[in-house]
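Below, chain A is the first sequence line, B the second, and so on; all start at residue 1.
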2 protein chains.
Amino acid sequence: MAVTDEAIEKIKSMIVSGALRPGDRLPKESELAADLGLSRNSLREAVRALSLIRILDVRQGDGTYVTSLDPQLLLEALSFVVDFHRDDTVLEFLAVRRILEPAATAMAASRISEQQLDALTAQLDRLGDTPSVEDLVACDLEFHRGIVHGSGNSVLCSLLDGLSGPTTRARIWRGLTQEDAVARTLREHRAILAALRDRDAEAARSWATVHIASVEQWLRSTL
Amino acid sequence: MAVTDEAIEKIKSMIVSGALRPGDRLPKESELAADLGLSRNSLREAVRALSLIRILDVRQGDGTYVTSLDPQLLLEALSFVVDFHRDDTVLEFLAVRRILEPAATAMAASRISEQQLDALTAQLDRLGDTPSVEDLVACDLEFHRGIVHGSGNSVLCSLLDGLSGPTTRARIWRGLTQEDAVARTLREHRAILAALRDRDAEAARSWATVHIASVEQWLRSTL
DNA sequence: GCGTTCAAGACCTCCGACGTATCAGGTCAT
DNA sequence: ATGACCTGATACGTCGGAGGTCTTGAACGC
């Protein structure tokens, strides 16, 4: 195994074992390189790799730190990876989202707070009845993010966030080509929100399913 | 933005735009560095980072290639990230798995082939009635992997693979401390398999839920 | 035809130097 | 005494070059 890969593993094990904890500062590059028995250049490759996936946070002039290691932060790297997938796998991502999102929405029905519901309502009100497609899609993302956040599961939240990215382009495309897509999306958002206010998990789940299924169906008929 | 980060973005965009396709070979380090306007050292940091998340495949003495970019391969990097999570978030991972796995099992009920079912049966038969805990957990992973593979969604498959990793230790621990865990697991596996053979999606979904919920319940009571 | 040898090509590792950003401490004016 | 400002130390950022190691494929000999 290459020395850089060894260094990656060693740093990883230092964190997993607890020798390095979230927020801790690593020894400076030259020292750490000497400790691990490799050159500073090779160590930098390891640090850069771990930095890309948000394990380490490198600050020029200051030092290198272990990130908070929050699921949210780490799964953020997922969206970077997901960006590489081509359109022919969008349907598979959407299928997974179709499983997760209704479940998350149902969970939110019992856990989301009144304040969060008010915030979602205000967000929909701000958008108005005839928003631009770009605004709608941005709002759509934010809306679902808010609901999933209300589920109380940060892993679920981050995962859906990562999965929603690649379908964004598709949704914009849909908004531009399908006449009633905008109005329908707004209606469904209101319906989901109403179900959440009623604390009706099954209704919320069903509306979320309908919401995603309509996108999926359109996408399937288009490709 | 640092030159290395720029290089990462440029290589990424070359792949996303289609200028570099899966399996393509990159120019050699010195040339690519010159093209992108940075030093070989800095370029190597970018390549190493993209290599960690399986975007690039670097072969000493040969060259650097774009990987197949299969969802399976890219999401494999997920397990690397998941390894960093501490035990207190295992429950959140398990909750996500509890959503996905029953859905995947239900999907498999209609899509899995007879050959795959036979292979799963043979696998359970091989294990016998009183396997070691390690063998059981390994078989457990393989069993669920086989079923999820039968769902026909490779994204779902890879995602569950990544999520199942962190709970593996917990399952071993459970097998060692809870008397009837082994027998119960075997019974539930047989029940899931029987439901799949019957092409009974709802039964398969329910058994999968039960299967995971029992682990979740035990874990919740233990922590 | 087949196995071996060898040289070219490409990545691997290291070194030393200099550039740049951050932070802490001291200085000085208010 | 307090605040802004300057400055040095520190640590990361970038670079160019020099060998080393591995893979590949062609040339060679059997």
>> Set out, in order, the CA-CA distance, both residues' side-chain angles and the distance that settles side-chain contact (heavy atoms from CB on, under 4.5 Å) for B/Val90 and B/His85, then state yes or no.
In response: CA-CA 8 Å; B/Val90 166; B/His85 284 94; over 6 Å; no

>> Can you confirm whether A/Gln72 is buried at CD, in the sense that more than 12 heavy atoms of other residues, nucleotides or ligands lie under 6.0 Å from that atom?
In response: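 No, because the 6.0 Å sphere around CD of A/Gln72 holds 12 heavy atoms or fewer from other groups.
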
>> Pair A/Glu76, A/Ser158 - check side-chain contact (heavy atoms from CB on, under 4.5 Å), show working.
In response: CA-CA 7 Å; A/Glu76 194 178 295; A/Ser158 309; over 6 Å; no

>> Between A/Asp140 and A/Arg145, does any NZ, NE, NH1 or NH2 come within less than 4.0 Å of an OD or OE carboxylate oxygen?
In response: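 Looking at A/Asp140 together with A/Arg145, the answer is no, because their closest N to O distance does not fall below 4.0 Å.
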
> Hey, are B/Asp5 and A/Arg48 close enough for a salt bridge, meaning a charged N less than 4.0 Å from a carboxylate O?
Replying inline: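 Counted as a salt bridge, because a side-chain N and a carboxylate O are separated by less than 4.0 Å.
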
> For DNA chain C, which nucleotides open and close the run of contacts to chain B, 5' to 3', at under 4.0 angstrom from a non-hydrogen atom?
Replying inline: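 First and last nucleotides in contact are C/dG9 to C/dC15.
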
What side-chain donor-acceptor pairs closer than 3.5 Å can you find for residues 27-38 of chain A, not counting sequence neighbours?
unit_1: A/Glu29; atom_1: OE1; unit_2: A/Arg40; atom_2: NE; d: 2.7
unit_1: A/Glu29; atom_1: OE1; unit_2: A/Arg40; atom_2: NH2; d: 3.0
unit_1: A/Glu29; atom_1: OE2; unit_2: A/Arg44; atom_2: NH1; d: 2.8

Using a 4.0 Å cut-off on heavy atoms, which residues in [range] reach DNA chain D? List them by number, or say none.
range	result
residues 25-43 of chain A	A/Arg25, A/Lys28, A/Glu29, A/Arg40, A/Asn41
residues 58-66 of chain A	A/Val58, A/Arg59, A/Gln60, A/Gly61, A/Asp62, A/Gly63, A/Thr64
residues 2-14 of chain B	B/Ala2, B/Val3, B/Thr4

> How far apart are the closest heavy atoms of A/Ala46 and A/Thr4, and which atoms are they?
Replying inline: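 Taking every non-hydrogen atom into account, N-CG2, 3.6 Å.
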
>> Strictly by side-chain hydrogen bond (donor to acceptor under 3.5 Å, both in side chains), give each pair with a member in residues 15-26 of chain A just once, sequence neighbours left out.
In response: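 Sorted result for residues 15-26 of chain A: empty, none.
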
> Does any non-hydrogen side-chain atom of A/Leu69 lie less than 4.5 Å from one of A/Ile15?
Replying inline: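 Sidechains of A/Leu69 and A/Ile15: in contact.
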
> Which of these, B/Ile192, B/Asp125, B/Ile112, sits in a side-chain contact (heavy atoms from CB on, under 4.5 Å) with B/Leu120?
Replying inline: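 It is B/Ile112; the other options fail the test.
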
>> I'd like to know whether B/Arg197 forms a salt bridge (Lys or Arg N to Asp or Glu O under 4.0 Å) with B/Glu114, so could you lay out the CA-CA distance, the side-chain angles of the two residues, the decisive distance to 0.1 Å, and finally the verdict.
In response: CA-CA 8 Å; B/Arg197 280 209 184 278; B/Glu114 293 296 329; 3.6 Å; yes

> Which of parallel (below 30°), tilted (30 to 60°) and perpendicular (above 60°) describes A/His144 and A/His189?
Replying inline: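 Rings of A/His144 and A/His189: perpendicular, as their planes differ by over 60°.
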
